[in-house]
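Following: one structure in structure tokens, then a few remarks.
Chain A is the first sequence line, chain B the second, and so forth, proteins listed ahead of strands; every chain is numbered from 1.
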Amino acid sequence: MAKSNTFTYEYLKGLWDQNPVMKQVLGMCPTLAVTVSVVNGIGMALATTFVLVFSSLIISLIRKIIPNQVRIASYIVIIATFVTIADYVLRASYPDLSKALGPFIPLIVVNCIILGRAEAFASKNSPFRSLLDALGMGTGFFIALVVLSGIREILASKTILGIQILPDSFAPILVMILPAGAFITLGLLFGIANFYSISLEQRKREKIIKKYVDNNQEKVKE
Amino acid sequence: MEQQTVESLQEKRLKLGSSPHIKSPFTTEKAMYYVIIALIPCIISSVIFFGFYQLVVIGTCCVFSVATEYVIKKLRKQKITIMDGSAFLTGLLLGLILPPNYPLSHCALGSIFAIGIGKEIFGGLGFNIFNPALVGRAFLQASFPVETTTWVKPKLAVDTVTSATPLAQFKFEKVIADVSHLFFGNVSGSLGETSALAILIGGLFLIIIRVANWEIPLSMIIGMVCFQGILWVIDPTKYANPLFHILSGGFLFGAFFMATDWVTSPITKKGMWLYGIAISLLIVVIRNFGGLPEGVMYAILLMNAATPLINRYTIPKIFGEAK
């Protein structure tokens with residue numbers, strides 16, 4: 001991983017280290033509700049990323065003139081502006097997707113990821129850093145939603161993006177379409193993600209110990 | 001001189017360790033095997049009423065449950081505990097609450113889910129919040145609703161017995177099944193749950209050797225008689241009598257084998273009564289006012305979730321403590 005203050009890290013941290021879904025456990029409402037199919041997941045992730053990037057940029061640009069007492073209200077106004085744009089664009093150009101996502105597009109306004117990044121990052125950092133951070137978080141959200149919706153879609157309807165993958169003889173597991181399926185899948189994904197990061201850390205620690213031991217042995221030899 | 005004192009002290013030293021210090025010879029494994037023995041009448045009744053093929057259905061569940069337990073214990077590098085019978089018992093219970101001639105692939109999937117998600121993910125035996133067999137059944141019901149509600153006529157069926165379960169028949173056609181059919185199990189339903197006689201033999205055996213407690217089944221039956229009795233007195237044409245509700249569906253099987261599960265039921269006496277009565281209240285509500293004809297599974301699962309709360313609020317007062 002890149003060092004923690006470089007521009008590349010600002011982008012990369014959203015993918016794994018601080019992945020909004022897997023690590024920060026933010027934005028659970030759209031994550032659980034709309035991931036019935038991959039198309040929905042991608043649509044939701046792109047809409048959220050659009051709002052996230054532009055609201056972070058604007059908030060970062062005017063961060064010095066927003067009075068501290070009314071900052072949350074100001075963020076909500078800025079976010080709501082972009083959500084309205086996203087909502088109307090989706091309704092005009094992708095009416096089916098807009099219908100499938102339903103109330104979850106207007107609900108992006110109260111998505112914790114966006115408000116969280118605005119409060120925790122954009123209001124304290126330069127516009128360019130905020131832009132990279134927002135893009136990274138958006139990509140992380142996108143990855144999480146695509147993985148989750150991919151698992152759910154393939155098990156419940158044997159398809160991915162509408163293309164049949166599993167043979168006809170496979171009996172679809174309908175529970176995956178239901179909310180229960182979303183909770184089970186997300187819980188298992190959390191488990192796998194935590195297991196992976198714990199084992200990564202352990203390997204890192206072992207490497208450091210090994211280096212230390214080797215150095216000491218060399219010194220003893222000398 | 002000094003050396004000697006140290007040695008003599010070491011000989012006399014106290015053995016330190018946390019309680020319990022006296023262990024009962026009655027181990028978890030033994031209890032598991034007693035429950036398996038108690039289920040034999042149910043297995044026999046399922047073979048009598050639905051044919052020898054049901055042994056394959058139950059066997060598949062058992063094999064996959066034990067195999068899942070083995071694989072997960074191996075992956076987690078823990079002690080292999082498949083010989084304690086708990087995974088086998090989960091498979092057996094799951095098999096007995098599935099419909100006859102259930103597809104074997106679904107049996108396998110349900111068993112894997114029951115052990116993997118229902119039990120091992122919480123840390124194995126003793127840590128599970130929900131009854132694993134019921135978790136597996138709920139998963140199958142949500143995943144394959146058509147197969148899980150397809151019932152088969154019992155082999156000894158007379159003409160009047162249709163393939164719908166007695167509860168579904170009552171709910172949708174207002175036909176009450178014959179009590180003797182319900183008692184001996186000559187009705188359609190899940191493999192082990194149809195014969196009240198077989199369940200009573202196994203359940204009373206468990207209560208006599210004190211593997212299962214008597215409070216939970218008794219409180220469930222009392223609760224059922226009270227709540228269903230009230231409804232029956234109000235309108236006998238709309239609501240069936242309590243005896244019908246006790247004998248039909250999975251009520252007795254749930255009362256004796258599912259609700260009395262050691263891990264997922266309350267540990268205090270007061271809690272057990274509360275637990276049993278709450279389960280029967282939920283069953284009465286689901287069966288009479290819900291969309292589904294049967295609600296034992298959901299009632300027990302819901303009360304499983306409430307068990308820690310019940311335990312916390314029914315802690316007995318310490319002897320001699322002032323109020």
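For a residue to count as touching a neighbouring chain, one of its non-hydrogen atoms must lie under 4.5 Å from one of that chain's; by this rule A:L188 touches chain B with the side chain only. With a 4.5 Å cut-off on non-hydrogen atoms, B:L140 does not touch chain A at all. Contacts between A:I173 and chain B at a heavy-atom distance below 4.5 Å involve backbone atoms as well as side-chain atoms. Heavy-atom distances place no part of A:L155 under 4.5 Å from chain B, backbone and side chain included.
Ring geometry for B:F139 against B:F113 counts as parallel: the plane angle stays under 30°, on a 0 to 90° scale with 60° as the upper cut. Ring orientation note: the planes of B:F144 and B:H106 are close to parallel, at an angle under 30° on the 30°/60° scale.
A donor atom on one side chain and an acceptor atom on the other are not found under 3.5 Å apart for B:T81 and B:D84.
Separating the CD atom in B:E69 from the CG atom in B:L125 is a distance of 7.5 Å, to the nearest 0.5 Å.
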